[in-house]
Amino acid sequence: MILNSSGLKDMKPWLEAGFEMPRFDREMVRENTLKNPIWLHFGAGNIFRAFPAALQQKLLDEGKSDRGIIVCEGYDYEIIERAYKPYDNLSVLVVLKHDGNMDKKVIASVVEALTADTGDKNNWQTLKNIFSNPSLQMVSFTITEKGYSLKNAKGEYYPDVESDFKAGPESPKSFIAKLTALCYERYKSGKYPVALVSMDNCSHNGSRLYEAVSTFAKEWAKNKLVDEGFVDYIENPEKVSFPWSMIDKITPRPDMGVKEMLEKYGLESTELIITSKNTYTAPFVNAEEPQYLVIEDLFPNGRPPLEEAGVIFTDRETVDKVEKMKVCTCLNPLHTALAVYGCLLGYNTIHDEMKDEQLKALVEKVGYEEGLPVVINPGIINPKDFIKEVVEVRLPNPFMPDTPQRIATDTSQKLAIRFGETIKAYQKREDLNVKDLKYIPLVLAGWLRYLLAVDDEGKPFTLSPDPLMEHLRKVTEGIKLGDKGPFDEKLRPILSDTSIFGVNLFEAGLADKVLGYFEELVQGPGAVRATLKKYLQN
């Protein structure tokens, strides 16, 4: 079985091998979509194919839509050339269930795959045409949190952004400038309404996107490079909206075990791809079964009926509560705890960590004991049930090949949200004392220990990428296993940094606890395990 349009003409072998196949006329859908597109998505990675593309496929299969999605990659063009074009934009979604069963589905809802390459005149003109079409309802994004940043860690605009401010919308270089230029095309074509929907896993994602686009619109207007009215267009939610959303579905790198399993079923299209920009992809995506997508219902030009595919549409306040529940307490902090300690203890999969008595106890205590008391119930998802599913179903899933090393990426950018918000909530509550926190400080101390890049056996390991790594390594430089401390002054630049933790840990009254744990964690080989046993042994 070959994954392309020709290979799908005879569906019999696919069905006999247990693949769920598209149940719609793909050519008709493609024709409808290219003529009057309704949905363009930026970010052609694994989460897109496993989730938004699968949602639209459900609508197409059930006859609830007659148009698919056009995808555009704005960062790593190789994804399109190697993981989309050779397969006629088809992919295979493998849903790995915790009981060992799996679903295999051919995803055919993507009708066109483009790159946001202004140097490719045909490609760029196609994007302009899409944005100029009144039919376009939504433009969605999974471009990672970094995709919305116009400035570096020092607060300085990136050179391409500075250049784009001055050059205007004609031939932009940076991604947000390209997006804003395309919005300007829509404005010039008739000021048509559209929703720009961030589906990235970051707090208040819609506002992040709005601030980036609005910055470009204002700079260009100030420099007389666009009409003055363009700023009003971007600022008017009845014309251009920026809904908030909360997305939750784990889609790890394509797994060799899944590749081999697909080959046994007869699929020949299973190449594991690593691009020159270090993106891991394949013609297939492996993903967990649980998934959540909650979106603020703010669509000035209408939208696909995605509630029919399981998306929850609600108001901004509820999205915020759900997002805080997931990111600040019920899932992401547990992931980070497993990431830093997993690297220190030599684990390579999250599910194996959940067999570790101390690590399982750590995430349960961070979630149930310290996180749950400050969660505001969003009403549409029960927080306690959510944590229960995370701890008992999602994290221990032996068929999900997610790694602590992947999750440890960019940890300095995550701590303020994943732990800082809970610390601040404790500070505000009269019935709670921030100094009673035991396990969140233990995770923060574990991260400091992780920065030494030496595991619990005393062997060096490679730290995951982090934009602050150079600064962090400089601060921790010279600390070795066996050092006695005190480390107060040495680590003060990190512990007092509100941009990392969301609070100054000295002012919050938690620095001494973090430092105390850290001293125990660096006592020598085996100290990490000994410390975890000391505080988490039943």
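All residue numbers in this chain count up from 1 along the given sequence. Please read these numbers as outputs of a predicted model, since none were measured by experiment.
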Tell me whether [X] is salt-bridged to [Y], with the criterion being a basic N under 4.0 Å from an acidic carboxylate O.
X: Asp352; Y: Lys355; answer: yes
X: Asp297; Y: Arg303; answer: yes
X: Glu307; Y: Lys64; answer: no

If you draw the axis of the six-membered ring of [Y], does the NZ or CZ of [X] fall within 45° of it and under 6.0 Å from the ring centre?
X: Arg49; Y: Tyr84; result: yes
X: Lys191; Y: Tyr233; result: no
X: Lys277; Y: Tyr75; result: yes

Measuring from [X]:[atom1] to [Y]:[atom2], what's the distance to the nearest 0.5 Å?
X: Gln57; Y: Ser91; atom1: CD; atom2: OG; value: 8.5 Å
X: Glu296; Y: Ser245; atom1: CD; atom2: OG; value: 9.5 Å
X: Ile417; Y: Lys326; atom1: CD1; atom2: NZ; value: 12.0 Å

Are Asn129 and Ser132 close enough that a side-chain donor and a side-chain acceptor fall under 3.5 Å? no
Chi angles and distances behind the side-chain hydrogen bond (donor to acceptor under 3.5 Å, both in side chains) call for Trp220, Thr180: CA-CA 10 Å; Trp220 286 345; Thr180 311; over 6 Å; no
Using the six-membered ring wherever Trp is involved, compare the ring planes of [X] and [Y] and label them parallel, tilted or perpendicular (cut-offs 30° and 60°).
X: Phe19; Y: Tyr265; result: perpendicular
X: Tyr292; Y: Phe386; result: tilted
X: Tyr210; Y: Phe242; result: perpendicular

